[in-house]
Amino acid sequence: MGFTRRAAVAAVGVAALLTASACGGSDDGGGTGPKKVEVFTWWADGGEKAGLDGLVSQFGTACAGQTFENGAVAGGAGANAKQVLASRLQQGDPPDTFQAHAGAELLDYINAGQIEDLSADYDSWGLKQAFPQGLIDNLTVDGKIYSVPANIHRANVVWTNKKVVSNAGITTDPKDMAEFIADLNKVKAKGIAAPLAVGKDWTQLMLFESVLITDLGADKFTGLWNGATDWNDPAVTKGINDFKQLLTYTNKDRDALDWTDAEKLIMDGKAAYQLMGDWEAADLDAKGFKDYGYFTFPGNGATFQWLADSFVLPKGAKNPEGTKCWLKTVGSAEGQKAFNTKKGSIPARTDATPADYPQYQQAAIADWKSAKQVPSCAHGSACSQGWQGAANSALGAFSSNSDVAALQKALVAAATQFAKKK
Ligand code: GAL
């Protein structure tokens, strides 16, 4: 896999964490006290933590005799958590459950034989009827279902500081790349040196994917991940050039920032725009920043770039009974409401009441039904973790060398290596 070296480096840095967790399971399985369920995520702060807390509180109500143990490892998009998890799985020390994105990323764990089939639980919990068929298809491999989705997130959204935008005389949202560039210039003319906030590798991959959706259209974009579209396509070259132009409007320290650091530039009025998934809505709410706006990335039209956080039962989990109660809670109407109202995402279940949700999510619930759905590589619905690692490295290199041909070559190579590897 492409990130073996990174995983090894991370393993050194997280040795303390691994030791702490290995020592923490004395109540699992045996004994008479409450049994622990270690839930492994990267939701450690802000809106992400608020969402997790909502789920934990519902778990407390629904799962008497079980207690939640927080195995979170901080770092946006699981940048650190996935490496810790990989070492733990390799060492035969899985948490009781961990988050995994529906789609290609989940397939990695299934193919490695690391997670259990939950098909029978789906039947007894009525989950096949609760989730949309398209999502069920993304979770199913050879007729079996291995995870329970907690939500649907949208990736292709631009978040704004309303005041910075209006100070630049901008009154409508940009509809295409030319309008977006014109607006970025207007903000820049007001003395904001880097109007478009961005962070490191995976956040740049998200921005790049949005540009590709604009330049290729939804169907051709999806084709990049299933082999139907050639990464050598001239529209990809155009996408790289457009992305290169956008980077000239971004903060120079981008490669050192996580998504929340870039978000802070928006909150502090140092930038006008940030492309980020809709966990940003929840995070801005949790941090008390109210003056934000949002629009779909210019030129994406009615395209909803989706991803779904789901939870699994790892093979060798110490407390499978407690984990099943966690998973049942995750899939339940109450659990999805407790989680998603705080997380910025929308429920994966189709029976939710939109009025229960904040305004942003109400709009997202409507868009999810009507828009064209495309997957995300940065968040595992489109590509495997190996492919994602290769794309992140290629974007990281591009951030310093701006070499269009080299980026396209690296992306072609990544597709050749990872596409359709089942
Ligand atoms: C995604 C995850 C989201 C959110 C985001 C930022 O990969 O699916 O739930 O946590 O990372 O950390």
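First listed ligand is number 1; within each ligand, the first listed atom is number 1. Model, not experiment: these values are computed from the prediction.
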Checklist entry - With hydrogens left out, which residues have an atom under 4.0 Å from ligand 1, given that only heavy atoms count? => result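 Within 4.0 Å of ligand 1, the protein residues are W42, W43, E48, G76, A77, H101, H153, W259, W279, L307, D309, K343, H379.
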Quick one: side chains of residues 288-303, donor-acceptor pairs under 3.5 Å with protein atoms, not counting sequence neighbours, listed by atom name and distance.
residue: Y292; atom: OH; partner: D285; partner atom: OD1; Å: 2.8
residue: N300; atom: OD1; partner: N156; partner atom: ND2; Å: 3.0
residue: N300; atom: ND2; partner: S210; partner atom: O; Å: 3.0
residue: N300; atom: ND2; partner: T214; partner atom: OG1; Å: 2.8
residue: T303; atom: OG1; partner: N300; partner atom: O; Å: 2.8

Item to check | Exam field: side chain D233 to backbone T229, donor-acceptor pair closer than 3.5 Å | outcome: no
Checklist entry - Is a side-chain donor or acceptor of Q58 paired with a backbone partner of F339 at a separation under 3.5 angstrom? => result no
Next on the checklist: As an exercise, state the distance from CG of L411 to CH2 of W231, rounded to the nearest 0.5 Å.
Outcome noted: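 Rounded to the nearest 0.5 Å, the CG-CH2 separation comes out at 5.0 Å.
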Checklist outcome for this item: Here the ring pair (Phe, Tyr, Trp, His ring centres under 6.0 Å) pairs for residues 102-138, sequence neighbours left out, are F98-Y109
Checklist entry - With sequence neighbours excluded, what pairs up with R349 under the side chain to side chain donor-acceptor pair (under 3.5 Å) test? => result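 Scan of R349 (side chain to side chain donor-acceptor pair (under 3.5 Å), adjacent residues dropped) gives D351.
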